[in-house]
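Below is one structure, written out as structure tokens; the observations come after it.
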Amino acid sequence: MATKRIASQVHKQASRLIREGYIQREPAWYRAVLDHPPLPLPAREPPSRTHFDTPVDTPLTRPSASKTIRPLPVQYVEDQVRRQFFRDHPFEAFREKSLVEGAAIESDHPVKGAQWKRLRQRGRNPSSEDAIRYAVNLYEHNDIPLSDAYASAVAQYRSLRSEITIARQVALAEAEKLGIEFGPSQTEITFEKENKAFDTFREAAENNHTAETERKRWKAVVEREGRPDHWTKGQEYTRLWKEGVRPVYAPVFSEPQISPEGLTQEQTAQRLSSQVDFMDIRPSVASS
């Protein structure tokens with residue numbers, strides 16, 4: 001009963017007990033463990049493999065002298081054919097393909113195995129995966145070398161794709177000749193949606209800037225001194241120059257004294273010119 005302590009030997013011990021009649025009914029896990037037995041000892045040793053999913057030139061057993069335990073690489077014939085196909089046809093990878101899974105698994109095509117001798121048997125518009133499966137089918141079921149099977153699949157695939165392309169071009173020319181106008185393409189529709197999205201982003205940014213400005217509590221208030229902001233085309237400046245009034249760019253240090261009669265234009269000019277004179281020039285006041 002020492003084998004009970006080894007987890008990988010439990011199903012074997014249960015088989016012996018059932019055979020001898022110690023266990024009258026099979027446990028619920030018995031058939032599942034027989035279909036998928038645990039790894040052999042030691043636990044790190046990988047299970048036995050076949051050349052179905054391993055490269056042909058890879059040994060299936062680990063050499064006895066090797067102390068490194070590594071799993072064998074997984075490689076199918078389809079992977080080799082697919083790699084070579086897209087190396088020869090790189091632009092086929094840009095064809096649109098839906099990756100959405102349906103509610104049910106797609107059933108196998110009725111034409112398969114030894115019956116599948118021509119690529120056209122599965123339709124006149126094959127995909128790249130159809131060509132790859134056809135090459136593998138010729139190799140596995142018709143005893144054709146893999147290189148010859150690949151060459152035949154590629155030749156038939158190119159022929160069918162050429163027929164589809166020429167048929168579409170002819171149909172388009174006939175439609176345009178009859179006056180049919182086509183709407184925007186899917187690419188143009190996508191660009192239009194993108195531009196609409198950009199417009200919404202721009203409007204949102206403008207609204208956010210306006211709201212942020214309105215939320216500010218303190219605002220800069222600039223008080224302008226002097227005459228109101230209006231353009232006189234230089235007439236005001238010329239009039240003051242003729243009257244002998246020099247422009248003063250320094251601040252006023254003393255408040256003007258206003259008499260009951262008010263300030264005359266001559267007194268105002270004399271007061272402004274006498275306060276600051278950077279060039280030490282006394283302008284003559286024009287007589288009124």
Quiz item: Is the shortest heavy-atom distance from the side chain of Asn125 to the side chain of Leu160 under 4.5 Å?
Solution: no

Practice problem: Test side chain to side chain contact (heavy atoms under 4.5 Å, CB included) on Glu20 and Arg16 and set out the steps. | Solution: CA-CA 6 Å; Glu20 297 296 334; Arg16 288 192 291 267; 5.5 Å; no

Practice problem: Check whether any side-chain heavy atom of Phe191 sits under 4.5 Å from a side-chain heavy atom of Glu188, and report yes or no. | Solution: no

Quiz prompt | Evaluation steps, salt bridge (Lys or Arg N to Asp or Glu O under 4.0 Å), between Arg82 and Asp79 | solution = CA-CA 5 Å; Arg82 186 177 292 105; Asp79 299 336; 3.5 Å; yes

Quiz item: Cluster question for you: counting only ILVMFWY and a side-chain heavy-atom cut-off of under 4.5 Å, with indirect links fine, are Tyr139 and Tyr76 together?
Solution: no

Quiz item: Heavy atoms, side chains only, cut-off 4.5 Å: are Trp116 and His109 in contact?
Solution: no

Exercise. For atom CZ of Arg25, decide whether the heavy atoms of other residues, nucleotides or ligands shown that lie under 6.0 angstrom number more than 12.
Key: no

Quiz item: What closest approach, in Å, do Thr238 and Gly234 show between heavy atoms, and which atom pair accounts for it?
Solution: OG1-O, 2.8 Å

Quiz item: For the atom pair CZ (Arg120) and OG (Ser159), what is the distance rounded to the nearest 0.5 Å?
Solution: 6.5 Å

Quiz item: Under 3.5 Å, side chain of Ser162 to main-chain N/O of Arg158, donor-acceptor pair present?
Solution: yes

Quiz item: When clusters are formed by joining ILVMFWY residues with side-chain heavy atoms under 4.5 Å apart, either directly or through shared neighbours, do Phe94 and Phe85 land in the same one?
Solution: no

Quiz item: Transitively linked via ILVMFWY side-chain contacts under 4.5 Å: Val111 with Ile132?
Solution: yes

Quiz item: Can you tell me if Trp241 uses its side chain to pair, donor with acceptor, with the backbone of Glu243 under 3.5 Å?
Solution: no

Practice problem: Tell me yes or no: between the side chains of Ser152 and Gln156, is some donor less than 3.5 Å from an acceptor? | Solution: yes

Quiz item: For atom CZ of Phe86, is the number of surrounding heavy atoms from other residues, nucleotides or ligands below 6.0 Å larger than 12?
Solution: yes

Quiz item: How far apart are the C-alpha atoms of His89 and Arg161, what are their side-chain angles, what is the distance that settles it, and do they pass the side chain to side chain contact (heavy atoms under 4.5 Å, CB included) test?
Solution: CA-CA 12 Å; His89 309 81; Arg161 293 302 306 178; over 6 Å; no

Quiz item: Hey, is the main chain of Ile18 close enough, under 3.5 Å, to the side chain of Glu26 for a donor-acceptor pair?
Solution: no

Quiz prompt | Closest approach of Gln84 to Tyr150 (non-hydrogen atoms, all atoms of both residues) | solution = O-OH, 3.3 Å

Quiz item: For Leu138 and Lys117, what are the C-alpha separation, side-chain angles and deciding distance, and is it a side chain to side chain contact (heavy atoms under 4.5 Å, CB included)?
Solution: CA-CA 7 Å; Leu138 292 179; Lys117 297 182 179 180; 5.7 Å; no

Self-check item: Lys177 with Glu174: basic N within carboxylate O range, under 4.0 Å
Solution: no

Quiz item: Above 12 or not: heavy atoms from other molecules or residues under 6.0 Å from CH2 of Trp29?
Solution: yes

Self-check item: Any side-chain heavy-atom pair of Arg168 and Ile164 under 4.5 Å
Solution: yes

Practice problem: Locate the shortest heavy-atom distance separating Pro38 from Val33; write the atom from each residue and the value. | Solution: CD-CG1, 4.2 Å

Practice problem: Check the hydrophobic clustering (I, L, V, M, F, W, Y; side-chain heavy atoms under 4.5 Å; chains of links allowed) and say if Ile180 and Leu172 are grouped together. | Solution: yes

Exercise. Determine the minimum heavy-atom distance between Ala149 and Ile144, stating which atoms define it.
Key: N-CG2, 3.8 Å

Practice problem: Measure across Val81 and Ala135 and return the closest heavy-atom pair with its distance rounded to 0.1 Å. | Solution: CG1-CB, 4.1 Å

Exercise. Run the numbers on Arg122 and Lys112 for side chain to side chain contact (heavy atoms under 4.5 Å, CB included), then give the verdict.
Key: CA-CA 9 Å; Arg122 288 199 176 184; Lys112 58 183 179 179; 3.7 Å; yes

Self-check item: Pairwise side-chain contact, Tyr134 with Tyr157, heavy-atom cut-off 4.5 Å (strictly under)
Solution: no

Quiz item: At their closest point, which heavy atom of Ala153 faces which heavy atom of Leu119, and how far apart are they?
Solution: O-CD2, 4.2 Å

Quiz item: Any chance CZ of Phe182 has more than 12 other-residue heavy atoms, nucleotides or ligands included, within less than 6.0 Å?
Solution: yes

Quiz prompt | Shared hydrophobic cluster, Leu17 / Leu34 (ILVMFWY, side-chain heavy atoms < 4.5 Å) | solution = yes

